[in-house]
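Below: the structure, in structure tokens.
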Protein chains: 2
Amino acid sequence: MSVQGSHGHSHGKGPQSLRLTKGAKKVLEVLERTDELSSAQDIHSALRNEEDSPPGLTTVYRSLESLVQLGLVQSVDFGDGERRYEMVKPGEHHHHLVCEKCRNSVHLDQCLVQQLEESIQAKYKFEVRGHILEIFGLCEQCQQAMATAGKK
Amino acid sequence: MSVQGSHGHSHGKGPQSLRLTKGAKKVLEVLERTDELSSAQDIHSALRNEEDSPPGLTTVYRSLESLVQLGLVQSVDFGDGERRYEMVKPGEHHHHLVCEKCRNSVHLDQCLVQQLEESIQAKYKFEVRGHILEIFGLCEQCQQAMATAGKK
DNA sequence: TTAGTAGTGAAAACGGTTTTCATTTGCTGC
DNA sequence: GCAGCAAATGAAAACCGTTTTCACTACTAA
Ligand SMILES: [Mn+2]
Ligand SMILES: [Mn+2]
Ligand SMILES: [Zn+2]
Ligand SMILES: [Zn+2]
């Protein structure tokens, strides 16, 4: 659970439908065929380039909301104000190593926080329900590139 | 990280001066006297309530930027679109357990990621430079409150 | 004083996201 | 087929934290 609702300021409103609407299916299709993280707008413009009557941006957002609730998609927060999405194994989640230079990211295979939940629960009596964790730095290639060129 | 002297030239754009300007000092004062995380606007309105000529919101943002660069303040991202700030021991940082109900947060005393850096570096050849980590859930009080009342 | 530089703030711009609301779709039972 | 209804949709507007712009003020050095 890469937690936490959308862009803050909206307490109102209830969830979305938890069905795969027509729009949601199209959104899912886009996510199905990329390993990369995609923003809502990425998805929207991908659809505009291939569908004859693509869903509007609003529908993309709504679809993503349901897909996340269904556990088919996770939303990832790099703290840059743009939320990104990707398919996950149903109900699972993972975190990333994000290269600050080339912006590629490694999908970690296990959650580093889950293993800590127990001890957090024990030590702080805190019931963990979700978390944000993303790690930034330089991938191997970029380290080398910067070593040969002048540091940056 | 470019440092800079009292009167420098380096401009470029982005970063701010790394001096404690008048405005930055006021911002720091506000942060000094609370354990809570404060948003830029929190700080701004605190200053408006006590200063006769308080710094503008723009200056608050700029001050926070320098204070963060100086390592005196950390910015914390809960993924809700509003960045929060708090004083830290110079150069250090920490993470939080954030109660989703009462919104209070526990300041963790050690960083869970730093201890993993070495193994990440070894396994992925990834040079860790930073990370986001915040944990959400229910604090002890809120767990009890919800146990007595109807679940939520 | 006189430059030149750094700091400031009001207002406007920005940009991702959410709301609004009128319209369209997809059903249900006739 | 045809009402009648609820869910889904999308264009446009609103939202809101943050950043940019730009004119102005306060310092500082000579
Ligand atoms: Mn991933
Ligand atoms: Mn803290
Ligand atoms: Zn995790
Ligand atoms: Zn840390």
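Numbered from 1 within each chain, the chains take letters A, B, ... in sequence-line order.
In this structure, B:Arg83 atom CZ and C:dG15 atom P are separated by 16 Å, rounded to whole Å. In this structure, A:Glu65 atom CD and D:dA7 atom C1' are separated by 15 Å, rounded to whole Å. Note: CG (B:Asp80) to C1' (D:dC16) measures 12 Å, nearest angstrom. Between A:Arg62 atom CZ and D:dT9 atom C1' there is a gap of 6 Å when expressed in whole angstrom units. Look at CD on B:Glu82: it is 16 Å from P on C:dT17, rounded to the nearest Å.
Counting heavy atoms from C-beta on, the side chains of B:Leu28 and B:Lys25 never come closer than 4.5 Å. Considering only heavy atoms from C-beta on, B:His131 comes within 4.5 Å of B:Cys111 through its side chain. Contact annotation: the side chain of A:Glu86 never approaches that of A:Ser38 to less than 4.5 Å [non-hydrogen atoms, C-beta and beyond].
Not counting sequence neighbours, the partners of B:His96 by the ring-ring contact (aromatic ring centres under 6.0 Å, His included) test are B:His94, B:His107. Residues that satisfy the side chain to side chain donor-acceptor pair (under 3.5 Å) test with A:His44, not counting sequence neighbours, are absent from this structure.
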What pairs of nitrogen or oxygen atoms, one from the protein and one from nucleotides 24-27 of chain D, lie under 3.5 Å apart?
unit_1 : atom_1 : unit_2  : atom_2 : d
D:dC27 : OP1    : B:Lys22 : NZ     : 2.9

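Distance from the side chain of B:Tyr61 is smallest to D:dT19 among C:dT8, C:dG16, D:dT19.
There is no path of hydrophobic side-chain contacts, each under 4.5 Å, that joins A:Val88 to A:Val30.
Counting only residues at least two apart or on different chains, the salt bridge (Lys or Arg N to Asp or Glu O under 4.0 Å) pairs with a member in residues 105-125 of chain A are A:Asp109-B:Lys123, A:Lys123-B:Asp109. Listed by first then second residue, pairs satisfying salt bridge (Lys or Arg N to Asp or Glu O under 4.0 Å) with a partner in residues 41-58 of chain B read B:Lys26-B:Glu51, B:Arg33-B:Glu50, not counting sequence neighbours.
Using a 4.0 Å cutoff on non-hydrogen atoms, the parts of residues 38-59 of chain B near DNA chain C are B:Pro54, B:Pro55, B:Gly56, B:Thr58, B:Thr59, ordered by number.
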